[in-house]
Amino acid sequence: MEQKSIDWKSIVGMGLIFIILMYWFSQNQAEVESDPNATTETTASTEDTTPQLTSNNDPATAPISNGVFQAGSNEIITFENDLIQFKIDSKGALIQEALLKSYKTYDSLPVYLAKPNEKDHQLDLVFVTNDGRKMHTKDMSFTPSQSMNGSNKVLSFKANVGPSQFLEFRYELEPSDYMMDFTIRSQGLSQTFNTADAPQLNWEMLAYKRSKGMDNENRYTEIKFEYGDGSDDYTGQGAEAEEEEEDVSYIAYKQHFFTSILLTDTPFKKAKLISENIASQDDEQDTYTKKFNSQIELEYTGGELAYNMDWYFGSTDYDILDDYERNLDEVVDLGWGIFGWINEFVIRPLFSLLTKNAGIPYGIAIILLTICVRIILSPVLYKSYMTQAKMKILRPELNRIAEKYKDNAMKKQQETMRIQSEAGASPLSGCLPGLLQMPVFFALFKFFPTAFDLRQKSFLWADDLSSYDEIFKLPFNIPFYGDHVSLFPILASIAIFFYMQMTTGQTMQNTQQPGMPNMKFIMYLSPLFMLVFFNNYASGLSLYYFVSNLITIGIMLVIKNFVIKEDKVLAKIEKAKAAPKKKKGRFASKMSEIMEQAQAQQEEQKKGKK
C-alpha cells in the first residue's frame with residue numbers, strides 16, 4: 001500500500017461556491033411532522049440564519065426547469081434507543097452527536113463517537129445540477145419528520161424542490177441495536193441532476209483518545225474496508241496513509257475499541273480513503289489520535305440517487321460484529337494468515353469459554369489460558385526442553401573441548417558437534433520445535449491488545465488489562481519507553497533473562513565463532529527489549545509472557561532434576577566413543593568431507609605464513 005507523509009496543517013479544505021438566490025418555491029413547503037408515538041426530542045438550533053442554496057448564475061437567465069431546493073427548518077433532533085443516542089442537525093441532515101450509553105472512558109467520561117458543537121464529524125453529498133451549480137448538502141437546510149415503522153424509530157430529512165421532488169436522508173433505528181439503517185435517495189430530480197458528473201459522498205471524522213495510553217490506542221486506530229469480492233484491507237499507520245479501491249462495500253473508522261462503519265447494499269463505485277496521524281504530528285494535543293476522510297464516488301440509477309446503507313456506531317467487539325454476518329469481524333485485528341486462524345479458532349473461543357461461560361475473572365483467565373497453551377504445545381516443545389537440559393549437562397565437556405582446540409576453530413566445531421550428536425542434544429533438533437511455537441507467540445501478540453473483553457478489567461495492581469499497568473509516574477519522558485513504569489513488563493523481562501541464562505547462557509559464549517555477533521549480548525538484549533517495548537502495551541499481554549516464562553522455567557527444572565539423569569547422559573557419550581563408528585549417511589559424509597577440506601586449507605595457510 002502507498003503511504004505519503006505531509007504536514008497535516010497543509011491540507012486544503014474544500015472551497016464553497018456562493019451562489020445567488022433565484023426563485024423560491026414557497027407553496028407546499030412541508031412542516032415538521034409530529035408523531036405522538038415517537039419519543040425523540042427536538043430542540044431549537046442556535047443558528048441565527050437559515051442557509052440557502054442558490055445559483056451562481058444570473059437569476060434572470062437561470063433555467064427554471066432545474067428547480068431550487070427550498071429552505072427547511074433549522075433544528076437538532078434527538079434520536080435514540082437503549083444503546084445509543086444521536087443528535088442529528090437538520091442543516092446537512094448530519095449526525096452531530098453519537099453517544100454510547102453503556103460505556104465510559106478510562107477517566108469515567110461518556111464515550112462519544114461524535115460530539116456536539118464540534119467539527120469532528122462531517123457528511124457531505126456533493127452533486128452538480130444541469131445548469132452547472134455545485135451543491136453541498138452540508139450547507140442545505142432539510143425539513144425533518146419523525147415516524148414509526150413497527151417498533152423502529154424513523155427520522156427523515158427532505159430537501160424539497162416541488163410537491164413530489166426531493167432529496168431525502170432517512171435514518172431508521174431498532175430498539176436495541178448499534179446498527180442504524182441509512183438511506184440516501186432522490187425523487188423527481190432526474191432533470192435536475194447533471195448525471196454526466198458523478199456525485200460524491202465525503203465522510204470525515206476525528207478519532208478520540210479514550211484510553212490512558214495515546215500511543216497504544218493510536219497503534220490500533222485505522223481505516224479498514226471491504227472491496228471487490230469480499231477482500232479487506234486497511235490504510236496503515238503512516239503520518240498520512242492513503243488507499244483507493246473500487247466496489248467498496250463498507251468503510252470502518254476503527255478507533256481501537258470503538259468503531260464507526262458505513263455499509264452499503266450497492267457497492268460504492270470508487271472510494272479514496274485517507275488517514276492522518278494527528279497524534280504524531282502534534283505532541284501537544286492529547287484529544288485526537290487520527291483524522292479520517294473518505295471520498296466516495298456514487299452513481300445515478302435512472303437519473304436518481306438510490307443508496308440503501310447502514311451505519312454502525314459501537315464497540316469493536318468481535319462477537320457483536322460477527323453476529324451481523326457481513327464480514328465485520330475483519331475489523332478486529334486478529335492478525336493475518338495463520339496468526340488470525342489461531343486466534344479465531346483456538347485462542348478466542350478458549351478465552352471466551354473461561355470468561356463468559358465459566359465466569360472466571362479476566363486476570364485469572366489469562367493465567368489459565370497460558371497454562372492451556374503450554375499444555376497444548378507441550379508435545380512440540382518437549383524435545384526442545386530435553387535438548388536444552390542436556391546442553392547444560394554437557395557444558396563441562398564442551399568447555400574442555402573449547403580449551404583443547406582453542407587455536408583450531410574448525411576442529412573445535414567438529415568435536416562440539418560430535419559430543420552433541422552422541423548425547424542426542426543437537427541444537428538444530430532443539431530449535432525446530434521452538435520455531436513451531438512462533439505462530440502462537442505472534443497470534444497472542446495480536447489477541448490481547450485488541451480483546452474488547454479486557455477493556456477496563458483489573459487484576460492485582462493493573463487497573464486495565466487492555467492498557468499498561470503503571471506503578472510509577474516519571475517526571476519526564478524517555479524516548480521509546482514513556483513517562484511511566486509498568487511492572488508486568490519488568491517481571492516478564494526478569495523471567496526471560498533467567499530462562500535464557502538457564503538454557504543457553506554459557507553455551508552461547510562457549511560456541512562463539514569469529515566474525516559472528518556476540519550471542520551473549522543478544523541474550524541480554526532480549527529481556528531489555530521486552531522491558532522497553534512492552535512498557536506501553538496491554539498489561540494482559542505482559543502478564544501472559546511473564547506466566548509463560550515462569551511455566552517454562554518450572555518445566556526445565558523438572559526435566560533437569562527428575563527426567564534427565566546427568567550420569568546417564570555422560571555414560572551414553574562414553575559408550576558412543578567406544579562403539580564402532582557407524583557408516584555415515586551421504587549428507588553427513590559430504591559435510592564431514594567439506595569440513596576436513598576446510599581444516600586442511602587452514603593448516604596449509606598457517607604453514608605458508610610461517
Side-chain angles (χ1 to χ4, degrees), residues 1-6 8 11 14 95 98 112-114 119-124 178-179 182 200-211 214-228 230-264 267-281 287-298 309-318 321 324 326-336 340 446 449-450 452:
M1 69 187 62
E2 181 182 0
Q3 297 186 1
K4 302 177 182 178
S5 298
I6 62 172
W8 68 276
I11 299 175
M14 296 182 62
I95 294 176
Y112 288 93
L113 291 181
K119 299 297 184 181
D120 57 2
H121 186 254
Q122 293 288 330
L123 186 74
D124 185 23
Y178 291 108
M179 189 78 77
F182 175 51
Q200 181 169 296
L201 187 65
N202 296 326
W203 178 30
E204 288 189 7
M205 176 176 273
L206 291 173
Y208 286 101
K209 171 183 176 290
R210 299 185 183 87
S211 301
M214 170 75 85
D215 291 340
N216 186 58
E217 184 169 16
N218 200 24
R219 190 177 295 116
Y220 303 100
T221 300
E222 60 192 354
I223 300 178
K224 303 200 78 168
F225 56 97
E226 183 185 63
Y227 65 95
S231 301
D232 56 89
D233 206 345
Y234 58 96
T235 52
Q237 296 293 324
E240 180 173 317
E242 181 179 311
E243 289 289 335
E244 187 168 344
E245 284 294 347
E246 297 180 351
D247 298 326
V248 175
S249 49
Y250 74 68
I251 300 169
Y253 289 171
K254 176 175 174 284
Q255 304 176 39
H256 197 186
F257 287 130
F258 298 97
T259 297
S260 305
I261 310 174
L262 181 63
L263 307 95
T264 176
F268 300 131
K269 181 179 180 181
K270 185 186 298 182
K272 184 178 181 180
L273 312 167
I274 303 171
S275 171
E276 293 181 60
N277 192 341
I278 299 175
S280 67
Q281 295 171 355
T287 303
Y288 304 108
T289 55
K290 285 188 172 69
K291 178 182 179 181
F292 297 135
N293 177 267
S294 296
Q295 300 167 14
I296 306 166
E297 184 177 328
L298 306 181
M309 296 174 279
D310 296 284
W311 228 338
Y312 174 87
F313 289 87
S315 61
T316 315
D317 188 317
Y318 183 94
L321 294 173
Y324 288 109
R326 298 184 67 172
N327 204 31
L328 297 184
D329 55 286
E330 294 295 336
V331 173
V332 182
D333 188 9
L334 296 179
W336 55 271
K446 282 289 189 180
T450 59
F452 184 83

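Heads up: numbering here begins at 1 and tracks the sequence. Treat the numbers as computed from the prediction; the structure is a model and nothing was measured.
For Y250, there are no ring pair (Phe, Tyr, Trp, His ring centres under 6.0 Å) partners two or more places apart in sequence or in a different chain. Every residue meeting the side chain to side chain contact (heavy atoms under 4.5 Å, CB included) condition with S211, not counting sequence neighbours, appears here in chain and number order: E217. Residues forming a ring pair (Phe, Tyr, Trp, His ring centres under 6.0 Å) with Y227 (at least two apart in sequence, or on another chain): F225. Among residues two or more places apart in sequence or in another chain, the salt bridge (charged side-chain N to carboxylate O under 4.0 Å, His left out) test is passed with R326 by D265, D310. Partners of S249 by side chain to side chain contact (heavy atoms under 4.5 Å, CB included), not counting sequence neighbours, listed by chain and number: E226. Scanning for salt bridge (charged side-chain N to carboxylate O under 4.0 Å, His left out) contacts around K209 gives an empty result, with sequence neighbours left out. Residues satisfying the side chain to side chain contact (heavy atoms under 4.5 Å, CB included) test with K272, not counting sequence neighbours, are E242, E244, I274, Q295. Every residue was checked against the salt bridge (charged side-chain N to carboxylate O under 4.0 Å, His left out) condition with D317, not counting sequence neighbours, and none meets it. For E246, there are no salt bridge (charged side-chain N to carboxylate O under 4.0 Å, His left out) partners at least two apart in sequence or on another chain. Legend: residues meeting ring pair (Phe, Tyr, Trp, His ring centres under 6.0 Å) with Y220, ordered by chain and number and at least two apart, are H256. Applying the ring pair (Phe, Tyr, Trp, His ring centres under 6.0 Å) rule to F292 yields the partners Y253; only residues at least two apart in sequence or on another chain are considered. Partners of F258 by side chain to side chain contact (heavy atoms under 4.5 Å, CB included), not counting sequence neighbours, listed by chain and number: L100, Y103, V111, L113, R210, S315, F452, R455.
Checked by atom type and distance alone, the side chain of K224 never pairs as donor or acceptor with a backbone atom of K254 at under 3.5 Å. Looking only at distances, no side-chain donor or acceptor of K291 sits under 3.5 Å from a matching main-chain atom of N277. When atom types are taken as modelled, the side chain of T235 and the backbone of I223 share a donor-acceptor pair closer than 3.5 angstrom. Put simply, the side chain of H121 gets close to the backbone of I95: a donor and an acceptor are under 3.5 Å apart.
Looking at T316 and V331, their side chains come closer than 4.5 Å, going by heavy atoms from C-beta outward. Taking 4.5 Å as the limit, some side-chain heavy atom of L321 sits within range of a side-chain heavy atom of I261. Side-chain contact check for I278 versus T289: every heavy-atom pair is 4.5 Å or farther apart. Side chains of T450 and Y318 form no contact here, defined as non-hydrogen atoms less than 4.5 Å apart.
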Run the side-chain contact (heavy atoms from CB on, under 4.5 Å) test on I296 and I251 for me, step by step, so that the C-alpha distance in whole Å, both residues' side-chain angles and the decisive distance to 0.1 Å come before the verdict. CA-CA 10 Å; I296 306 166; I251 300 169; 3.7 Å; yes
Could you check K446 against V332 for side-chain contact (heavy atoms from CB on, under 4.5 Å), going step by step and ending with a plain yes or no? CA-CA 10 Å; K446 282 289 189 180; V332 182; over 6 Å; no
Please step through side chain to side chain donor-acceptor pair (under 3.5 Å) for the pair Q200 and N202, ending with a clear verdict. CA-CA 6 Å; Q200 181 169 296; N202 296 326; 2.7 Å; yes
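Separating the CG atom in L206 from the OG1 atom in T287 is a distance of 10.0 Å, to the nearest 0.5 Å. In this structure, the separation between CD on Q255 and CG on N218 is 10.5 Å, given to the nearest 0.5 Å. Here the NZ atom belonging to K290 is positioned 12.5 Å from the CD atom belonging to E240, to the nearest 0.5 angstrom. Atom CG of N293 sits about 11.0 Å away from atom CD of Q122, to the nearest 0.5 Å. In this structure, F182 CZ and T264 OG1 are separated by 10.5 Å, a value rounded to the nearest 0.5 Å. Between atom CD of residue E245 and atom CG of residue D233 there is a gap of 6.5 Å, rounded to the nearest 0.5 Å.
Taking each heavy atom of G236 and A241 in turn, the nearest pair found is O-CB, 4.3 Å.
Between W203 and W311, the angle of the ring planes goes over 60°, which puts this pair in the perpendicular group of the 30/60° scheme.
Classification of D247 and K269 as a salt-bridged pair fails, no side-chain N sitting under 4.0 Å from a carboxylate O.
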